[in-house]
**Q** 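Input: one structure, supplied below.
Atoms within each ligand, like the ligands themselves, are counted from 1 in listed order.
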Amino acid sequence: MRILVAGGAGYIGSHTCLVLLEAGHDVVVADNLCNSKTESLRRVEALTGKQIVFYEADVTDETAVEKIFSEQEIDGVIHFAGLKAVGESVEQPIRYYHNNVVSTLTLCKVMQRHGVNKFVFSSSATVYGENEIPFVETMSLLPTTNPYGETKVMSERILQDVANVNPDWSVALLRYFNPIGAHESGRIGEDPQGIPNNLMPYVTQVASGKREYLRVWGDDYPTVDGTGVRDYIHVMDLAEGHVRAIEKLNEEKGVLIYNLGTGHGVSVLELVHAFEKANGLTIPYQVFERRAGDIAEFYADASKAEKELGWKAERTIEDMCRDAWNWQKQNPQGYEE
Ligand code: NAD
Ligand code: UFG
């Protein structure tokens, strides 16, 4: 298939482009580079020996998206082109709602015009809100407490409504848990701008000496050791899940919803200790107050994706810790040479 990967230069997108190319698909990327660099795509081309067609384009811009569809024979779309910082979304709600919702609408509009009807969407475990664990696809969604989460709920709803009236459409809503790690080569990985919000990139920057110590946000949660518990998934497993999903849309119509997680919860301190063990390093940390908006514990019920997609996360926490550090070590300034 020839896949348009919106946001393909970013963290999850670049790994997915690599797996798509390796699986024999053609890749067209549209990215406005607001949170990425084309260097990631150059490295994917070098790793795979294959070419990517790249458009520097904002997918909220209908004219720009129309141009891509009129120049390329697109069979399906994977939409990663979102803004993703939860705290920033509280500060800048208009920017977040505009970018994340209008991008989905614009892609749908242009796809409809060109008779393209396969859509894979980057959703998030955040749509479950503070539900019972494990999170299961059949659960009613609860409020997410921030504009970022609401943009995911809204995009899911838009895609469901579009598929409901267009029986030829097939949509996969992929609810990711916590992606970490990098391609095993260490050539592509996560390149956060400024101070990382997320745990793993912060840990790798402490390991490299760029930051003094990790701030652990709370150790008084009702969890195994008091620190927050998440379902960390290797970004390569996640990327492979996307390829299975887009291929599944060739066989099935309608809306398919899948959790992409491992099904296992890991606490902040468990992750820190796994990182230390996997890499033979010490990560200094200090415990602080809980971070506003954090949930104590969540992880996936990952059985539906296994049953229906034949996909299961295979890589271990040790793999994730080793690959995250391998990327950071080789690229201390990210893609900035
Ligand atoms: P990322 O920021 O690395 O990648 C997003 C890419 O989209 C970037 O290259 C950015 O430049 C591009 N982009 C953003 N808005 C755009 C627009 N309007 N037009 C064109 N390009 C645009 O983030 P990521 O971690 O790879 O996340 C990808 C998707 O997965 C996002 O939608 C995110 O919300 C979702 N997601 C991420 C996580 C996570 O923890 N990383 C968890 C759940 C869901
Ligand atoms: N944490 C720390 N110190 C840090 C960073 C994080 O202790 O410096 C803790 C958090 O309190 C939490 C855990 O590490 O308990 C994981 O935090 P992350 O920020 O890495 O991830 P979140 O689960 O908070 O959120 C991420 C994405 C969201 C997405 C969600 C579910 O940032 O966009 O996963 O997919 F919605």
**Q** In ligand 2, which numbered atoms sit nearer than 4.0 Å to a non-hydrogen atom of N197?
**A**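 Those atoms are 5 (C), 19 (O).
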**Q** Can you report which non-hydrogen protein atom sits closest to atom 1 (N) of ligand 2, along with the distance?
**A**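 Closest protein heavy atom to atom 1 (N) of ligand 2: W217 CD1, 3.5 Å.
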**Q** Which value, rounded to the nearest 0.5 Å, describes the distance between N197 atom CG and K84 atom NZ?
**A**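 It comes to 9.0 Å.
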**Q** Is H79 touching ligand 1 with its side chain, its backbone, both, or neither, if touching means heavy atoms under 4.0 Å apart?
**A**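 For H79, there is no contact with ligand 1 at all, from either part.
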**Q** Heavy atom under 4.0 Å from ligand 1: found in T126's side chain, backbone, both, or neither?
**A**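 Contact part for T126 vs ligand 1: neither.
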**Q** Give a yes or no answer on whether the side chain of D219 reaches the backbone of G226 with a donor-acceptor pair at less than 3.5 Å.
**A**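 Such a contact is absent between D219 side chain and G226 backbone.
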**Q** Applying the side-chain hydrogen bond (donor to acceptor under 3.5 Å, both in side chains) test to Y258, which of E137, K304, E308, R175 qualifies?
**A**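 The side-chain hydrogen bond (donor to acceptor under 3.5 Å, both in side chains) with Y258 is passed solely by E308 among E137, K304, E308, R175.
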**Q** Just heavy atoms, cut-off under 4.0 Å: does A81 contact ligand 1 by side chain, backbone, both, or neither?
**A**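 Both the backbone and the side chain of A81 come within reach of ligand 1.
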**Q** Ligand 1 versus A125, non-hydrogen atoms closer than 4.0 Å: side chain, backbone, both, neither?
**A**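 Neither part.
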**Q** Just which atoms of ligand 2 are under 4.0 Å from any heavy atom in R291?
**A**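 By the 4.0 Å cutoff, the relevant atoms are 5 (C), 6 (C), 10 (C), 17 (O), 18 (P), 19 (O), 24 (O).
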**Q** Is L214 in polar range of ligand 2, meaning some N or O pair under 3.5 Å apart?
**A**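 Looking only at distances, the answer is no, because the N/O contact criterion of under 3.5 Å is not met.
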**Q** For atom 18 (P) of ligand 2, what is the closest protein heavy atom, and at what distance to 0.1 Å?
**A**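 Nearest neighbour among protein heavy atoms for atom 18 (P) of ligand 2, to 0.1 Å: N198 ND2, 3.4 Å.
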**Q** What residue and heavy atom of the protein are closest to atom 31 (C) of ligand 1, and at what distance?
**A**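 Here the closest protein heavy atom is F80 O, 3.4 Å.
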**Q** Any atom of ligand 1 sitting under 4.0 Å from a heavy atom of A6?
**A**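 Contact absent.
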**Q** Which residue holds the protein heavy atom closest to atom 10 (C) of ligand 2, what is that atom called, and what is the gap in Å?
**A**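 The answer is D294 OD2, 3.4 Å.
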**Q** Among all protein heavy atoms, pick out the one at the shortest distance from atom 26 (C) of ligand 2; state its residue, atom name and that distance to 0.1 Å.
**A**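 Looking only at protein heavy atoms, the one closest to atom 26 (C) of ligand 2 is N178 ND2, 3.6 Å.
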**Q** Say whether S123, considering both its backbone and side-chain N or O atoms, lies within less than 3.5 Å of an N or O atom on ligand 1.
**A**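 N/O-N/O distance below 3.5 Å does not exist for this pair.
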